[in-house]
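See below for the structure under consideration.
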Amino acid sequence: MKTYSSEEIKNIAVVGGAGCGKTTLTESILLDCGIIKRRGSVGGKNTVSDTAAVEQEYGYSVYSTVCSVERKAKKINFFDCPGSDDFSGQAVTAINVTDASAIVMNGQYGVEVGTINNFRLVQKYNKPVFFVVNNVDNEKCEYDNIAEQIHSTLGIKAYPIQFPASSGDGFNSVIDVLSMKQYTFGADGEEPKVSEIASQFADKAKSLRDALMEAAAENDESLMDKFFDAGELSDEELILGLHKGVVANGFYPILCLSALKNVGVSCFLDFIADIAPASNEGAQVCNSAEAPVAINPEGGTSLFFFKTTMEPHIGAVSYFKVMCGTVNEGEDYVNADRGSKERVAQLFVSNGQNRTQVPQLVAGDIGCTVKLKDVKTGNTLNSKGADNKFNFIVFPNYKYSRAIKPVNESDMEKMMSIVNRMREEDPTLVIEQSKELRQVILRGQGEFHLRTFKWCIENIDKLPIVFDEPKIPYRETITKAARADYRHKKQSGGAGQFGEVHLIVEPYEEGKPLPDVFKFNGQEFKVTVKGVDEYPLEWGGKLVFVNSIVGGSIDARFMPAILKGINQRMEQGPLTGSYARDVRVIVYDGKMHPVDSNEISFLLAGRNAFSQAFKEAGPKILEPVYDVEVLVPSDYMGDVMSDLQGRRGMIMGMDSEGKYQVLRAKVPLKEMSTYSTSLSSITGGSGSFTMSFSSYELVPTDVQNELIKEFEANQKEEE
C-alpha cells in the first residue's frame, strides 16, 4: 500500500444497533476492494472482524476492528464497531478518532433504539453522519418510508442518494441519483452493469436529484447563485456542494444496499471516496493543554494510541492515529504520559489480524505497531519538535457492577493481572479494590458486558471466578446536635495516660452558620471560635473541626490527636460501619495532666467522645441515588415507568423522540443492580439506559432498620 497524503485519507466509523449487518458489510467492502477473495460470515466464524474467541463463541462483535482499503485513489480506514449497547465504549473510541460515521440500519426495522443511541453519540462529537440502509433485500423493508422515520424520530432532514429498483428478495438494482445511472448487480463480487435509469424510475430520480441540488447549493454561496440563475448544477458542482454539506455536518445522506448479497456496496464505497470528509477536514482535536492540533504532515510527530489488542505469539498490538507530522519505521519517540523512550520499529495498516507493513504514515492516518515496551491505551508518543498529550476520549459511565473473586483465594493476584490486561482492550471496564466494601468490584456497561468477560477469564485464561452482588457504599450522617465527653485514664506503674475531651456534634450544611450557643437539657454551652478547619472527605462530604477551647484546658499540641481520633470514627459509622460525612465537631472543653497526658490519650478520648455524641445525634443512613435516563419505545412506556417506581425511583420528566420516549428518573443504586436485565426483558431488548451519580439521600426508615439488622447480624457472625 502506498503512502497517502492527508487529503486522500478518509476515516469512517461503521456503527449501528445489534444485528444490522455491520460485520457483513465490512466483509463485502473487503471483498469488493480485493482485500479478501472470499467473504466470510458471522455464522461461519470466519470473518475478518470477529476473530476473538468470545466473538466466535457467541456470534457477536465485542471489539472494534480497523480495516483499510483503497478506492478511487483514496485510502479509507473503516472501523467495524459492536452493535450492542454493552460494548458502546468501542464505538466511542472509533467515533473520536474518525472524521465521519456511517450509521447502518436494518431495512426490515428502520429506525431502532440502536440508531438513536448512535446518532446521539455521533452528534455529541459534532461528526458528520450518513445513513446506510442494509437488508433492502428483506421483504419487510419499506425503503421509501425510512427517510420520514429519520426525520420524525431524529429531527433531521435526510436525503436519499440512492433508491432500490425494487426491495425484497428481488433486490439487485440501485438507482444512483448523483450519477443518474442504474447499477444492476449479478453474482457475489462481480462488477455491476451500469445503464441508463429505467423509464419507470426516471421521474422519481429527477425529483430526488432536484432536492439534492437545492441542498448542495445551500452549502456554497457561488453554487447558490448558479443554481438560481441556471436552475441546476453539474455533476462536479453537485458533488462539491454535498461534500461541503457533509463536512459542515449539515447534510445527511441515505444510501441503500444488501451487504449479504453485495448489492450496492460498490456504490457505497464510491460515495465515501467522493463525498466523505478527508482526514484534514474533520473537527480539530485539542491536546490536554486545550491547544488545537492541526492534521499537518509537516513538523513534529505525535501519535495517539487509542486501542490495544492481545494476540497469541505476538503480544500487544498497539493501534494509533497520526495526530500531526509523519511517522517512519525505526524512529524514536518519547511517551508524553510515562516519560519513557520508545522505538517504533515497524509500521502496519491492518485488516483485522491481517497486517500489511508500510514504511510511512502521515497525519490523519490510522496504523498499528507491535512490541512497544511501555505504551498503554490512551498514551501519546512525541518525536522531537512535538509536545502534545491527548486525552479527548471520554468513555460512558458504568451501568452494571459485580463483586469478583477467584474460586481459589490464592489466585487473586493472577485474576487482577488478567482483568488489568483486559482493561487495555476495553477501557470501559473499571476495576476497583474497595477498602470500604472489602470487595473487588468490576464495573461495566451491562450484565451482557461483564458476563462476556467472565467467559473470557474462565475459558481463555482458565481461571474460575465468582460474581457476587456488590455491597452498596452507604454513608452515615447526623440529623441534630448532641454533646458528649469522655475521659481516657490509664495507669500502668510508670507514666500513665490521661486525656479528657468535651465536644458537640451537629449536621454540617454548606453556608450554615455556626451557632453561638448550644442548649442541652436546659444547660447552655457557649462557643468561642479559636479556629475552624474544613476537611473534604475522600468519600464525599465534609468534616468541619472547630477549636473552641478557652483557658488552656487542652493544649493546642493535642488538637491534631483529637482530630485524628475523630477521623478514625468517621471511617466506621455506628449504624452499619459505613463512612460518615457532613458533620461539624466543636471541641469546647477538656482536661489534661501535666505528666500523663500525651497524644494517644487525646486520640482515644476524642474518638470515644465523638462516637458517643454521634449515636445521640439522630444518626441516619444515606444511600447513593443515580440519575437514570431510559430510551424506550412508546409502547413500553407504562411498564418501564411502573418498574422504575417499584425500584423506589422518582420520575423527573419525559420527552418524546418520534416513536420513542426518553424517561428521566432518580433511582437508588441498590435498586439498579439488575436493571439492565429487567429493561431488556420488559422491552424485548429495544430499550437502553444511562446512569450517573446524582447525590446521597436519606434512606426510608424501613430500609434503614433492615440495613441495621443486617449489619448487626453480620457482626455477630464475624465474632
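Computed from a predicted model, the values in this text were never measured in an experiment.
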Please tell me whether Tyr579 and Gln572 have a donor and an acceptor in their side chains that are separated by less than 3.5 angstrom. no

Residue pair Thr308 / Thr377, side-chain donor-acceptor N/O under 3.5 Å: yes

So Phe448 and Phe87, would you call those rings parallel, tilted or perpendicular, with 30° and 60° as cut-offs? perpendicular

Distance col, row Asn280:CG vs Cys324:SG, nearest 0.5 angstrom, shows 13.5 Å

Do Asp32 and Arg71 meet the salt-bridge criterion of a basic N to acidic O distance under 4.0 Å? yes

Could you give me the CA-CA distance, side-chain angles and deciding distance for Lys462 and Glu458, then say whether salt bridge (charged side-chain N to carboxylate O under 4.0 Å, His left out) is met? CA-CA 5 Å; Lys462 309 299 182 184; Glu458 293 186 327; over 6 Å; no

Is the closest side-chain donor-acceptor distance between Ser61 and Thr23 under 3.5 Å? yes

Using the rule given for side chain to side chain contact (heavy atoms under 4.5 Å, CB included), can you reason through Ile29 versus Cys67, listing the C-alpha separation, both sets of side-chain angles and the distance that settles it, and then say yes or no? CA-CA 9 Å; Ile29 289 169; Cys67 296; over 6 Å; no

Hey, what's the ring geometry for Phe453 with Tyr63, parallel, tilted or perpendicular (30° and 60° as the breaks)? perpendicular

Taking NZ, NE, NH1 and NH2 as the nitrogens, is one of them in Lys542 or Glu534 under 4.0 Å from a carboxylate oxygen of the other? yes

Polar side chain donor-acceptor pair, Arg443 to Ser401, under 3.5 angstrom: yes

Would you confirm whether Asp461, through its side chain, and Leu463, through its main-chain N or O, come within 3.5 Å as a donor-acceptor pair? no

Check: Asp99/Ser279 side-chain N/O donor and acceptor closer than 3.5 Å: no

Glu281 side chain to Ala278 main-chain N or O, any donor-acceptor pair under 3.5 Å? yes

Taking Asn335 for the side chain and Gly339 for the main chain, is one N or O donor matched with an acceptor at less than 3.5 Å? no

Taking atom types as modelled, find out whether Glu8 and Ser5 have a side-chain donor-acceptor pair closer than 3.5 angstrom. yes

Any donor-acceptor N or O pair under 3.5 Å, side chains Ser302, Asn382: yes

Evaluate the ring pair (Phe, Tyr, Trp, His ring centres under 6.0 Å) criterion for residues Tyr398 and Phe395: first the C-alpha distance (whole Å), next the side-chain angles of each, then the deciding distance (0.1 Å), finally the verdict. CA-CA 9 Å; Tyr398 66 85; Phe395 293 104; over 10 Å; no

Here's a test for you: under side chain to side chain contact (heavy atoms under 4.5 Å, CB included), which of Leu361, Val66, Ile9 qualifies with Ile366? Val66

Check this for me, if you would: do Asp468 and Arg402 make a salt bridge, where the nitrogen-to-carboxylate-oxygen distance has to be below 4.0 angstrom? no

Establish, from distance only, whether the side-chain atoms of Thr98 and Asn11 form a donor-acceptor pair under 3.5 Å. no

Between Phe306 and Asn96, does the side chain to side chain contact (heavy atoms under 4.5 Å, CB included) criterion hold? Intermediate values first, please. CA-CA 9 Å; Phe306 60 85; Asn96 270 278; over 6 Å; no

Is it true that Arg475 and Glu436 have a side-chain N and a carboxylate O under 4.0 angstrom from each other? yes

Under 4.0 Å between a side-chain nitrogen and a carboxylate oxygen: does that hold for Lys75 and Asp365? yes

Would Glu571 and Lys435 count as a side chain to side chain contact (heavy atoms under 4.5 Å, CB included) here? Give the steps. CA-CA 11 Å; Glu571 291 187 12; Lys435 171 188 169 186; 3.9 Å; yes

Once you measure the plane-to-plane angle for Tyr58 and Tyr60, does it fall in the parallel (<30°), tilted (30-60°) or perpendicular (>60°) bin? parallel

Has Lys399 got its NZ or CZ under 6.0 Å from the middle of the six-membered ring of Phe689, at an angle within 45 degrees of the ring axis? yes

For Glu331 and Tyr333, does a side-chain donor sit closer than 3.5 Å to a side-chain acceptor? yes

Do Asp274 and Lys72 meet the salt-bridge criterion of a basic N to acidic O distance under 4.0 Å? yes

Mark yes or no: Lys2 above the aromatic ring of Tyr4, with NZ or CZ under 6.0 Å from the six-membered ring centre and no more than 45 degrees from the axis. yes

Does Thr65 reach the main-chain N or O of Asp80 with its side chain, forming a donor-acceptor pair under 3.5 Å? no

Ser688: which of Asp85, Asn117, Asp86 passes side chain to side chain donor-acceptor pair (under 3.5 Å): Asn117

Any donor-acceptor N or O pair under 3.5 Å, side chains Asn391, Ser288: no

Evaluate the ring planes of Phe392 and Phe304, with Trp represented by its six-membered ring, and classify them as parallel (under 30°), tilted (30 to 60°) or perpendicular (over 60°). tilted

Electrostatic pair Glu424:Lys307 at N-O distance under 4.0 angstrom: no

If we ignore angles and hydrogens, is there a donor and acceptor under 3.5 Å between the side chains of Gln439 and Gln433? no

Between Phe348, Phe390, Phe305, which is the residue that forms a ring pair (Phe, Tyr, Trp, His ring centres under 6.0 Å) with Phe320? Phe305

